[in-house]
Amino acid sequence: MEKIDNLDKKILGILSQNARIPFKEVAAVCGVSRAAIHQRVQHLVDGNVITGSGFDINPKSLGYTTCTYVGITLERGNMYKSVVERLDHIPEIVECHFTTGPYTMLVKLYARDNEQLMDLLNNQMQGIPGVVATETLISLEQSIKRDIPVPQDGIK
């Protein structure tokens, strides 16, 4: 993607606050046409700056009451890709990261209850070849959730 200019940053700042805002309103704030906003947003999507659009679903509304982070230690770091392929088949896992520090990987998952969490850990994740240890951290409350701020380079 080419360099992001100040108009792109202004658009990103607006959309990061409300992704459902009509382009007409974005255009009014930015002082350009609706067609210009549409073109800019499409360019940002094509350039992989905007990587998704959708709704956040509250896991609790679907019965998933336990949010858990699991640190995974692998036998060898180069086993990462094969382990990820196996983890990808566990739908309760919503994020997976290859990390530095005490764990090779860190995953975020949602479970309906402790019984399902125990099954996910003992029967699914720990049974993957290469996984030598897991450490479980249960989230008691999500206090902050936001997108990364868009620097505006003097734009207010």
Side-chain angles (χ1 to χ4, degrees), residues 1-72 74 77 80-114 116-117 119-121 124-125 128 134-156:
M1 165 113 201
E2 299 167 20
K3 186 175 178 180
I4 298 171
D5 66 16
N6 286 340
L7 178 57
D8 291 333
K9 289 178 183 180
K10 192 167 189 177
I11 293 166
L12 289 170
I14 294 166
L15 293 177
S16 70
Q17 297 300 308
N18 178 6
R20 298 184 341 170
I21 188 171
F23 284 176
K24 178 181 175 182
E25 291 180 35
V26 178
V29 171
C30 294
V32 297
S33 71
R34 193 175 348 165
I37 296 299
H38 180 74
Q39 289 174 342
R40 290 291 187 120
V41 169
Q42 189 58 53
H43 185 69
L44 293 167
V45 169
D46 292 344
N48 215 25
V49 175
I50 297 174
T51 58
S53 63
F55 298 98
D56 287 335
I57 299 170
N58 180 349
K60 289 181 181 179
S61 69
L62 299 175
Y64 292 94
T65 59
T66 304
C67 175
T68 306
Y69 294 86
V70 181
I72 301 173
L74 299 183
Y80 173 74
K81 287 186 180 183
S82 65
V83 172
V84 168
E85 287 175 15
R86 297 281 301 269
L87 293 173
D88 193 39
H89 294 288
I90 302 172
E92 291 84 0
I93 294 176
V94 296
E95 290 184 30
C96 178
H97 302 268
F98 190 34
T99 62
T100 62
Y103 312 115
T104 313
M105 306 168 71
L106 186 67
V107 299
K108 178 180 179 182
L109 63 84
Y110 288 95
R112 289 186 298 279
D113 51 34
N114 287 346
Q116 185 191 24
L117 176 59
D119 177 65
L120 289 167
L121 293 168
Q124 296 186 51
M125 297 172 69
I128 296 172
T134 60
E135 184 171 345
T136 306
L137 305 159
I138 294 176
S139 172
L140 300 175
E141 176 183 294
Q142 181 181 31
S143 303
I144 298 173
K145 181 181 186 213
R146 60 179 164 224
D147 289 321
I148 193 78
V150 178
Q152 294 297 314
D153 296 338
I155 295 177
K156 295 183 183 193

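Side chains are part of it too, since the values below use all heavy atoms of this structure and drop only hydrogens, waters and symmetry mates.
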Nearest atoms (heavy-atom pairs only) where [X] meets [Y]:
| X | Y | value |
| --- | --- | --- |
| Ile4 | Lys9 | CG2-CG, 3.8 Å |
| Gly77 | Phe98 | O-CZ, 4.0 Å |
| Leu7 | Cys30 | CD1-CB, 3.7 Å |
| Glu85 | His89 | O-CD2, 3.0 Å |
| Glu135 | Tyr103 | OE1-OH, 2.9 Å |
| Cys96 | Leu87 | SG-CD1, 4.1 Å |

So, do [X] and [Y] sit near enough that their side-chain heavy atoms are less than 4.5 Å apart?
| X | Y | answer |
| --- | --- | --- |
| Arg40 | Val32 | no |
| Val29 | Lys10 | yes |
| Ile50 | Leu12 | yes |
| Asp5 | Lys3 | no |
| Ser53 | Val45 | no |

* Distance from Asp8 atom CG to His43 atom NE2, nearest 0.5 Å? ->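 Separation between the atoms: 6.5 Å.
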
| message | Take a 6.0 Å sphere around CG of Leu62 and say whether it holds more than 12 heavy atoms from other residues, nucleotides or ligands. | response |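 Enclosed: over 12 neighbouring heavy atoms sit under 6.0 Å from CG of Leu62.
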
Just checking, is any N or O donor in the side chain of Asp119 or Gln124 under 3.5 Å from an acceptor N or O on the other one?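 Yes, because at least one side-chain N or O of Asp119 sits under 3.5 Å from a partner of the opposite role on Gln124.
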
Could you check [options] and say which one makes a side chain to side chain contact (heavy atoms under 4.5 Å, CB included) with [X]?
| X | options | answer |
| --- | --- | --- |
| Met105 | Thr99, Val70, Val84 | Val84 |
| Thr68 | Leu120, Ile138, Asn114 | Ile138 |
| Ile72 | Ile128, Leu106, Thr134 | Thr134 |

Can a donor-acceptor pair be found, under 3.5 Å and without considering hydrogens, that links the side chain of [X] to the backbone of [Y]?
| X | Y | result |
| --- | --- | --- |
| Glu25 | Ile21 | no |
| Thr65 | Arg112 | yes |
| Thr104 | Leu74 | yes |
| Thr51 | Asn48 | no |

